[in-house]
Structure formats: C-alpha cells, structure tokens
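Keep in mind it's a predicted model, so treat the numbers as computed, not measured. Per chain, numbering begins at 1; letters A, B, ... match sequence-line order.
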Amino acid sequence: MVLRVFNTLGRRKEEFIPLNPSEVRMYVCGPTVYDYIHIGNARAFVVADVVRRYLKYKGFKVRYVSNITDIDDKMINRAKEMGISIQELGEIYSNAYFEDIDKLNIERPDVTPRATQHIPEMIEAIETLIKKGYAYVVDGDVYFDISRFEEYGKLSGNRAEALEMGARIEVNPKKRNPADFALWKAWKPGEPGWHSPWGKGRPGWHIECSTMAQKYLGETIDIHMGGKDLIFPHHENEIAQAEAITGKTFARYWLHNEWLTVGGEKMSKSLGNFITVRDALKMCSPEVLRFFLISAHYRSPLDFNEKALKNAERRLERLINAVERLHDLPEREDETAEDRRLLLEIENGKRKFEEAMDDDFNTPLAISALIGMAKAINSYADVNEKIEGRIKRRILKIFTDLLEVLGVRWEAEMEVSYGNRLLKDLISILIDVRDELRKRRDWKIADRIRDRLRSIGIILEDTPKGTKWRISRK
RNA sequence: GCCGGGAUGGCCGAGCGGCUAGGCAAGCGGCUGCAGACCGCUGUACGAGGGUUCAAAUCCCUCUCCCGGCUCCA
C-alpha cells in the first residue's frame, strides 16, 4: 500500500517516495534549551516519533536527526536571569529534554547536533552565500538577500512584496529588504561570540538547522518536520539558504503539525496557560499524555483539558486491558472456527489501521481500528476459556506491533503487574484469603481488602474464573 | 493589508459526493454478592442560506462566527 502525506510545499497530499529507497532521511526541528519543553513541543515530537515508527513498520530504514538549539537570544537572556553560564543553562535543559522525551517513549534521534558545536560549518555556509551573491555584510552582520532567491515564499505562500507591506516587521535600516534575515549577528558586549571573517559574532537561528540537517543527512533530505509556526519564517529561510547554496531541493516533504491549545487558546507565557510536560505529568501518566497527543489528527488543532485527558486514559486502558487479557488466555492444541474468525477480525483491523496510517498518518482513525480489535478479543474471551497457541501468538504479535507504532508501552505496563515477584506473591496471598472470606459470604472484610488495595493502586477484579488483579494506570 | 485553518450529536473526534467511524458521558439489558472489567442495545449530528447533482456533512456561491501565521515560538 502506498503512503500518502500532506506536503506543506504544494499544500496537497502526495505519495511518499524516499529519494533513496533503502533509507528515509528525516529532520525535526528540536528544542531551544532555555526552559523545560511544553506540551506543544511534546505534540510535535510525538507526531514525528509516530511518523518515524510507522515508516519503520512499513519496512523503511530511517535516519532521524533532531537538533538542539543552544545559542540564541532566549538562551542569552535566560542565562543572565538565572545567573549561570549559557553552557550550564544548555546542559540543564537539554538533560531535562531527554528525560521528558524518554518518559513519553519518544525514540532518541540517531543524531542530536548542537548549534554551538557546528559554528565552523555555519561560517562556511555563510561564506558560500556571500560568494554566490545571496548575502551581504553590514557592520559585522550578515544578511540573506531574499530578492536574490526567486522562489522565496514558496513554502509559506508569503510573497516578499506582501511582507514589505506588513506593518509588523520592524524596520532595520541595515537591511536592503525588510524581510531579509540575519545569517550572522555581530557581537555585542555581554554576549558570547565566535571569530568569523566578519568579526566576532554568533550565527542566526535559521542557518543552524539547515547547516546541521545537510551535514548529517545530505543536500536533499526526505522529510522535514516541525510545528506550523515554523513554516514562516524559519522553514522558509532554511529553504532559501540551503537551496541557494546547493541549487538542489532541500527537503522533499514538509510536514507541519497544528497547534495544541489550552482551554481553546494558544499557549503563551503572557496568558499564563503555558504547560510544561512536567506540569502535565502531574495530571496524568506519560502514557496517557502521549496517547492524548495522538488522539487527534496531527494537522487538526487539539485542546488540552481534563476531559480530553480522561477520554484518552479510558481508551488507552481498553487497549491495554485487551492485550493483557489475550496474553493471559490459556492455550490449547486444536484450533476452532471461533479462533479462525478472531484471527480474521484481527487481520481486518490491521488492514484498517494501515489504511488509516497510510492516509497521512490518521492516528484517530487508526486508534478506532485498534479499539475494534480490542472488542473482538474481549468478545472472544467472554465465551472462550482457551485459544489455540499459534493463533494466539499471531494475534498478539499483530496487535502489539500496531501498538508499538503508536508508542503504546503495553509491555512496560504488564511488567509492573508481572515483573515483581514479591508483589505478585504477596497479592496472591491476599487474594487467597479474600477468596475464603467470600466463600463464607463475609463481604464486609472482603470488600475492605479490595478497597484498601485499590487505594494504593491495585485493582482486584472478580471473574467467574477467579480473582484477577492489575495495577491502576492513573 | 496579505496568507492560512476551522464550525459534525452533551463532550472529544474521524469522514470530505451514495455504503449513516470510533470513543467518552447518559440510559437500558447481560455477567456479578457488590464493585470492576467486559459484551449487547438505545438516543441525539453535520454553523446559516442559496445552488450543482438521481444523490451533499462532503462540490460551488454568499453570509455568520471562531482560530492562527505575516515578530521569538512546536
């Protein structure tokens, strides 16, 4: 089946064909490490992670690069505020960044280049741009001359003339065109700086990404991702720089995710609705947060609120319950018509899942396919005590492979319940005693055991086949 | 001023010309000592008005209302 993706460049869905069939090269704009990442950042990274996982699922090899911006105005200001060096600041928050993405089960990038470690490459790129006539030097600053790059605006749809009209660009007299952007910023007292042919200074933001992307992925990359706010000016400028240097297409598919809102409004520090991943994780588990972030299509806005979180939690719980239930189902030798019917339903669900994902990563539709599969498993387990071993393993494999694509950590969930030997033994003693009480119809004490276990996060469920237990996922 | 995205049942959220996703919440029923989990069933939709069509939530036009980008931002 063919994968179709919505390319911001051209604003339409296109069949995805990597330049090199054996390896997809993707680049995702990473964080500026001046603060903890917020849930909007998390959405972008989770979406990119799902894209990466699905490409792998489809059999592509993926080389995934995502940078860390560790030098810019925000870094400088924040370091001053905190009274620490920029290096220390970067160290603190890049560590926090990795901790956060690990919790969210986002696979680490193959390469995480840092801007400050690629200054020579950036200087070289800027020199080339000057030599080719795309950039000019003014008082130690270097600017990109957008009038020299004819295709400027092809990604965002902004035309240079229109940008001049825009009242919001502050006029910088050094620039030839108001929309020209800085490639290199001359040093100012109190700021870090590197030596360059134009004097001491530091690189502009846009040159960081395009330079590092090209260094690790080549002149033309397959997929470039980020939040929609990056379309202009960041990605537009990256294209201008990169293509001016090489004369080749910089990125073939541009994918941008929509906003995450809070209470219907865009997050911003001034509104005070800025939620970091760390704050969000006080409200729910990382698994639930991740699942919530893919509960809407990546190109649709998504609102962060308690109800939506609760919704995600319940749906996720249903999926994991079903995996566990199938996992625990005893095996038998012979296969029945019921077994075969279940397998058929699962295979059908798998097809639906793939169709959904092939259509521009439609995760909500893919999730509904998974829920359908969970329902089939539950219906089966309601009436069948056992299942033929090979069919069971096959179904389990299909189902868990799909969960893996979405990054649902079913295995970790199960390990909590099954991994701790002591806990396991202890609870089986309690269940045993409680069984005895139930036989004597001593509901009061039996319920007390159940209630108290529940209060510490252990849920007992009485079934016709005995009492089962699991750890609460809240 | 210039670009762009939306408005789907109480809520979230797919669908984007015919085959009326899915979930959460609610109600009913089953299983249960109760609870939980699970299964089955039920209801309530496509912002407004025109048009195109045998057929429109889906296409076209007009309008209303939301949200965003053009400045650091995922």
> Mind checking who B/G68 pairs with, Watson-Crick or G-U wobble, both distances under 3.5 Å?
Replying inline: B/C3

>> Whole angstroms only, please: what is the CZ-P distance between A/F232 and B/C2?
In response: 17 Å

> OH/A/Y34 to CG/A/D73 distance, rounded to the nearest 0.5 angstrom?
Replying inline: 11.5 Å

> Rounded to whole angstroms, how far apart are CG on A/D360 and P on B/C16?
Replying inline: 12 Å

> So, do A/W443 and B/G33 meet the stacking rule of ring centres under 5.5 Å and planes under 30°?
Replying inline: yes

> When the distance from CZ of A/F304 to P of B/A74 is rounded to whole Å, what number comes out?
Replying inline: 18 Å

>> Which nucleotide, if any, forms a Watson-Crick or G-U wobble pair with B/C54, using both distances under 3.5 Å?
In response: B/G18

>> Can you identify which nucleotide, out of B/G40, B/G36, B/C38, has its nearest atom closest to the A/K375 side chain?
In response: B/G40

>> Which nucleotide wins on minimum distance to the side chain of A/R441, given the candidates B/A37, B/G33, B/G69?
In response: B/G33

>> Roughly how many Å apart are B/C54 and B/C38, using the P atom of each and rounding to a whole number?
In response: 48 Å

>> I need the NZ-P distance between A/K310 and B/C12, as an integer number of Å.
In response: 17 Å

> Are A/N311 and B/C24 close enough that a side-chain N or O sits under 4.0 Å from OP1 or OP2?
Replying inline: no

>> If I pick the P atom on B/C65 and the same atom on B/A56, what distance separates them, to the nearest angstrom?
In response: 28 Å

>> Applying a 4.0 Å non-hydrogen cut-off, can you work out what A/I37 is touching in the nucleic acid: base, sugar-phosphate, or nothing?
In response: nothing

>> For a quick test of reading the model: is some side-chain N or O of A/S368 closer than 4.0 Å to OP1 or OP2 of B/G13?
In response: no

>> Heavy atoms only, 4.0 Å cut-off, all strands: where does A/L460 land among base, sugar-phosphate and nothing?
In response: base

>> Any strand counts, and the cut-off is 3.5 Å on both contacts for Watson-Crick or G-U wobble. Which nucleotide pairs with B/G43?
In response: none

> Whole-Å distance between B/A37 P and A/I377 CD1?
Replying inline: 18 Å

>> Tell me which one of A/I221, A/V111, A/T112 satisfies side chain to side chain contact (heavy atoms under 4.5 Å, CB included) with A/V65.
In response: A/V111

>> Tell me every residue that passes side-chain contact (heavy atoms from CB on, under 4.5 Å) with A/K188, counting only those two or more places apart in sequence or in another chain.
In response: A/E191

> What is the distance, rounded to the nearest whole Å, between atom CD of A/E461 and atom P of B/G33?
Replying inline: 16 Å

> When you check the phosphate oxygens OP1 and OP2 of B/C39, does a side-chain N or O of A/N378 lie under 4.0 Å from one of them?
Replying inline: yes

> With sugar-phosphate meaning primed atoms plus P, OP1 and OP2, does A/R434 contact a base, only sugar-phosphate, or nothing at under 4.0 Å between heavy atoms?
Replying inline: base

>> Taking donor-acceptor contacts at under 3.5 Å, does the side chain of A/R454 reach the base of B/G36?
In response: no

>> Can you check the distance between B/A7 and B/A55, where both ends of the measurement are the C1' atom (answer in whole Å)?
In response: 24 Å

>> Side-chain N or O of A/N158 versus OP1/OP2 of B/C2: is the shortest distance under 4.0 Å?
In response: no

>> From the set B/C72, B/G36, B/C24, return the single nucleotide nearest to any side-chain atom of A/K74.
In response: B/C72

> Has A/R314 got a side-chain N or O lying under 4.0 Å from the OP1 or OP2 atom of B/C24?
Replying inline: yes

> When the distance from CG of A/D447 to P of B/G36 is rounded to whole Å, what number comes out?
Replying inline: 12 Å

>> Once you measure the plane-to-plane angle for A/Y253 and A/F16, does it fall in the parallel (<30°), tilted (30-60°) or perpendicular (>60°) bin?
In response: tilted

> B/A74 pairs with which nucleotide, Watson-Crick or G-U wobble, both distances below 3.5 Å?
Replying inline: none

> Closest to the A/D382 side chain: B/G15, B/C39, B/A74?
Replying inline: B/C39

> Should the ring pair A/Y57 and A/F353 be called parallel, tilted or perpendicular, given that the plane angle runs from 0 to 90° and is split at 30 and 60?
Replying inline: perpendicular

> In whole Å, what separates the C1' atom of B/C46 from that of B/G10?
Replying inline: 16 Å

> Aromatic rings A/W254 and A/H224: how do their planes relate, parallel, tilted or perpendicular, breaks at 30° and 60°?
Replying inline: parallel

>> Once you apply a heavy-atom cut-off of 4.0 Å, does A/A308 come out as touching a base, just sugar-phosphate, or nothing?
In response: nothing

> Can you tell which of B/A74, B/A37, B/C24 lies closest to the side chain of A/N321?
Replying inline: B/A37

> What orientation do A/F232 and A/Y152 show, parallel under 30°, tilted 30 to 60°, or perpendicular over 60°?
Replying inline: perpendicular

>> Reading RNA chain B from 5' onward, which residue's closest nucleotide shows up sooner: A/H234 or A/R450?
In response: A/R450

> Any donor-acceptor pair under 3.5 Å between the side chain of A/D462 and the base of B/G36?
Replying inline: no

> B/G9 pairs with which nucleotide, Watson-Crick or G-U wobble, both distances below 3.5 Å?
Replying inline: none

> Base, sugar-phosphate alone, or nothing: which one does A/G40 contact when heavy atoms must sit under 4.0 Å apart?
Replying inline: base

> To the nearest 0.5 Å, how far apart are CG in A/D49 and CZ in A/R52?
Replying inline: 6.5 Å

> If you pin A/H38 and A/T463 to their nearest nucleotides in RNA chain B, which one's is more 5'?
Replying inline: A/T463

> In whole Å, what separates the C1' atom of B/G4 from that of B/U52?
Replying inline: 27 Å

>> Please give the distance between the C1' atoms of B/U58 and B/A45 as a whole number of Å.
In response: 14 Å

> With distance as the sole criterion, do the side chain of A/H256 and the base of B/A74 form a donor-acceptor contact below 3.5 Å?
Replying inline: no

> Within the pair A/R318 and B/C39, is there a side-chain N or O less than 4.0 Å away from OP1 or OP2?
Replying inline: yes

> In the structure shown, which nucleotide is the Watson-Crick or G-U wobble counterpart of B/A48, with both distances under 3.5 Å?
Replying inline: B/U62

> Closer than 4.0 Å, any side-chain N/O of A/R325 to the OP1 or OP2 of B/C39?
Replying inline: no

> Looking for any heavy atom pair under 4.0 Å, which part of the strands does A/L365 touch: base, sugar-phosphate only, or nothing?
Replying inline: base

>> Side chain of A/R315, heavy atoms from C-beta onward: which of B/G23, B/C38, B/A35 has the nearest atom to it?
In response: B/G23

>> Between B/C11 and B/C61, how many Å separate the two C1' atoms, rounded to a whole number?
In response: 33 Å

> Out of B/G68, B/A14, B/G36, which nucleotide sits closest to the side chain of A/K228?
Replying inline: B/G68

> Looking at the rings of A/Y27 and A/F250, which for Trp means the six-membered one, are their centres under 6.0 Å apart?
Replying inline: no

>> When the C1' atoms of B/U32 and B/C39 are compared, how many Å lie between them, rounded to an integer?
In response: 13 Å

